[in-house]
Amino acid sequence: MLVVQIFLPLALALVMFGLGLTLTTADFARVAKYPKAAIIALVCQVVILPAICLGLVLAFGLKGVLAVGMMLLVASPGGTSANLFSHLAGGDVALNITLTAINSVLAVFTLPIVVGLSMAHFMADDAEVGLQPAKFVQVFAIVLVPVAIGMLVRRKFEAWALKMNDPVRIASVVVLVLVIIAAIAQAYQQLIDNIATLGPVALLLSILSLLIGYYVPKAFNVERGQAVASAMEIGIHNATIAITLALTVLNDETMAIPPAVYGVLMYLPAAVAARLLSRNRAVAPNPGV
């Protein structure tokens, strides 16, 4: 389908380009300023969360492409709106930006591995799709190249990039909505048939992601603002990436349904968490805000 094969990759490229406009090389280097908070958050995102998601998938009996779709979602980096929710909740937005930058690079390598292992387990007959070099290159091109271009533009035309920050952020939200609508339209019947199972899994994953993202860093004495940033980064996944990869790289419309459902539901727990955390934001200073 022309819309899927051309529009969705271009739409995602816009989102990732917009992300790149907000990043500088200093964002990557800044991890040295608070290595403990960054490392704990990244371990939660890359290791703990996929394990939690796998447990939910097995507990709710998801099978085949739906199970892989959930794992694809959880392997995707944080969403572009994580910074906004972190700011509203009194989080360390500088840490959010750093985590987003690092996650965008890590996802190029971790995402194909998680998806490949998931396909090998849940789709044994089609497991060869998982780690084909050509598909790895596609993930690299879709996820990282637009970010790099955005960063280059930011470096060369900083004033313009800063001016475009809000318009591109708004455009990214619009793109997310359109991509979710496209995914639902592509597999409407599959959504109807599986919403009773997918809804609770997605909602639970969102809630657990926020709780893990906040309380695990707190258990290691990470200061509150950084724990809030970690919670939002881990709890708000980039559903646009997951949906686009499912429809274009993996060519499976049903696989796009779990991230589409999550992309809609994740904002409810995130909004509640932001509201609750903002009530006591004055308890500790947040140098990143």
Side-chain angles (χ1 to χ4, degrees), residues 15 18-19 22 37 40-42 44-46 48-50 52-53 56 69-70 72-101 103-104 107 166 169-181 183-184 195 198-218 222 224-243 257-281 283 286 288-289:
V15 173
L19 172 61
T22 68
I40 291 171
L42 291 171
C44 288
Q45 177 102 13
V46 176
I48 297 177
L49 214 54
I52 295 293
C53 184
L56 289 174
M70 284 303 304
L72 170 62
L73 179 277
V74 81
S76 299
T80 55
S81 52
N83 295 357
L84 173 61
F85 278 92
S86 181
H87 174 72
L88 294 175
D92 188 336
V93 179
L95 177 59
N96 274 109
I97 294 171
T98 298
L99 292 174
T100 299
N103 267 327
S104 298
D166 287 340
R169 187 186 297 273
I170 294 171
S172 297
V173 174
V174 173
V175 167
L176 172 62
V177 172
L178 293 176
V179 168
I180 290 173
I181 291 173
I184 291 174
I195 188 63
L198 290 175
V201 174
L203 201 56
L204 268 175
L205 178 61
S206 177
I207 294 170
L208 289 173
S209 299
L210 291 164
L211 291 174
I212 290 168
Y214 183 75
Y215 284 106
V216 171
K218 289 289 286 183
V222 170
R224 177 192 169 278
Q226 294 176 349
V228 171
S230 171
M232 294 306 171
E233 191 69 27
I234 292 170
I236 300 177
H237 289 278
N238 198 323
T240 313
I241 289 180
I243 293 169
I257 291 299
V261 172
Y262 188 93
V264 173
L265 295 180
M266 67 180 178
Y267 290 109
L268 178 59
V272 172
R275 173 62 177 167
L276 293 175
L277 290 168
S278 67
R279 288 181 176 179
N280 62 348
R281 64 189 301 174
V283 171
N286 296 295
V289 177

Visitor: Distance from His237 atom NE2 to Leu205 atom CG, nearest 0.5 Å?
Guide: 5.5 Å
Visitor: Applying side-chain contact (heavy atoms from CB on, under 4.5 Å), can you list everything that pairs with Ser230, at least two apart in sequence or on another chain?
Guide: Ala41, Pro217, Ile234
Visitor: With rounding to the nearest 0.5 Å, note down the distance linking CD1 in Ile48 to CG in Leu208.
Guide: 12.0 Å
Visitor: Ignoring hydrogens, what is the shortest heavy-atom contact between Met266 and Gly235? Give both atom names and the distance.
Guide: CB-O, 4.4 Å
Visitor: Identify the heavy atoms of Ser209 and Leu49 that sit nearest to each other, and give their distance.
Guide: OG-CD1, 3.4 Å
Visitor: For Ala242, check side-chain contact (heavy atoms from CB on, under 4.5 Å) against everything at least two apart and list the hits.
Guide: Leu72, Leu73, Ser76, Pro259
Visitor: Please report the shortest heavy-atom distance between Val222 and Ala227, naming the atom on each side.
Guide: CG1-N, 4.0 Å
Visitor: Could you work out, with side-chain contact (heavy atoms from CB on, under 4.5 Å) as the rule, every residue matching Ile207, not counting sequence neighbours?
Guide: Leu203, Leu211, Pro269
Visitor: For the OH atom of Tyr262 and the CG atom of Leu198, what is their distance to the nearest 0.5 Å?
Guide: 13.5 Å
Visitor: Could you walk me through whether Ile40 and Gln226 pass side-chain contact (heavy atoms from CB on, under 4.5 Å), step by step?
Guide: CA-CA 11 Å; Ile40 291 171; Gln226 294 176 349; over 6 Å; no
Visitor: I need the minimum non-hydrogen distance between Leu95 and Ala37, along with the two atoms involved.
Guide: CD2-CB, 4.0 Å
Visitor: Any chance you could lay out the side-chain contact (heavy atoms from CB on, under 4.5 Å) test for Asp92 and Val228, step after step, and finish with the verdict?
Guide: CA-CA 7 Å; Asp92 188 336; Val228 171; over 6 Å; no
Visitor: Please check this pair: side chain of Ser206 against backbone of Ala202, looking for a donor-acceptor N/O pair closer than 3.5 Å.
Guide: no
Visitor: Mind listing the closest non-hydrogen atom pair of Ala89 and Arg224 along with its distance?
Guide: O-NH2, 3.2 Å
Visitor: Of all residues at least two apart in sequence or in a different chain, which pass the side chain to side chain donor-acceptor pair (under 3.5 Å) check with Asn96?
Guide: Ser86, Glu233
Visitor: For a side-chain contact (heavy atoms from CB on, under 4.5 Å) check, start with the C-alpha distance between Met70 and Val201, then their side-chain angles and the critical distance, and finish with the verdict.
Guide: CA-CA 9 Å; Met70 284 303 304; Val201 174; 3.7 Å; yes
